[in-house]
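Reviewing the structure listed below.
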Amino acid sequence: HIHHARVNGLEPGKTYFYRVGNETSRSSLFNFTTLPSVNYPFKFGLVADLGQSANSSDTIDQLLASSLHALLNVGDLAYA
């Protein structure tokens, strides 16, 4: 199943916590942080097919050190 939810009225730079499910079954607690109110510079990262090698670890380390505002992983996580 694929479900969608629209959330309105979020504040900039705030962390929100959520769960998904119903009355009898719920997920673990997840969170996300909205972008800060400063628009520029906006640091955005994109990764795909990271693999499982030293290069993968180096890529992740560089991303974490980059203070990104957003990261999009476009896939190939079959072996992650």
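Side chains are part of it too, since the values below use all heavy atoms of this structure and drop only hydrogens, waters and symmetry mates.
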TODO: To the nearest 0.5 angstrom, please state how far the CG atom of Leu46 sits from the CG atom of Asn73.
DONE: 8.0 Å
Task: Qualifying residues under side-chain hydrogen bond (donor to acceptor under 3.5 Å, both in side chains), relative to Asn22, sequence neighbours excluded - done: Thr24
TODO: Measure from the side-chain N and O atoms of Thr33 to the backbone N and O of Lys14, and report whether any donor-acceptor pair falls under 3.5 Å.
DONE: no
TODO: List the atom of Pro12, the atom of Pro36, and the distance in Å for their closest heavy-atom pair.
DONE: CB-C, 4.0 Å
Task: Inter-residue atom distance Leu68.CG - Gln62.CD, 0.5 Å rounding - done: 11.0 Å
Task: Closest non-hydrogen atom pair, Val74 against Ala48 - done: CG2-CB, 3.1 Å
TODO: Output all residues satisfying ring-ring contact (aromatic ring centres under 6.0 Å, His included) with Tyr16, sequence neighbours left out; order by chain, then residue number.
DONE: Phe32
Pair up each side-chain donor or acceptor in residues 4-11 with any protein partner under 3.5 Å, not counting sequence neighbours, and list the distances.
none

Open item on the list: Show the nearest heavy-atom pair for residues Leu35 and His69, with the distance to one decimal.
Closed with: CD2-O, 3.3 Å
- [ ] Supply the atom-to-atom distance Ile60 CD1 to Leu71 CG, rounded to the nearest 0.5 angstrom.
- [x] 7.0 Å
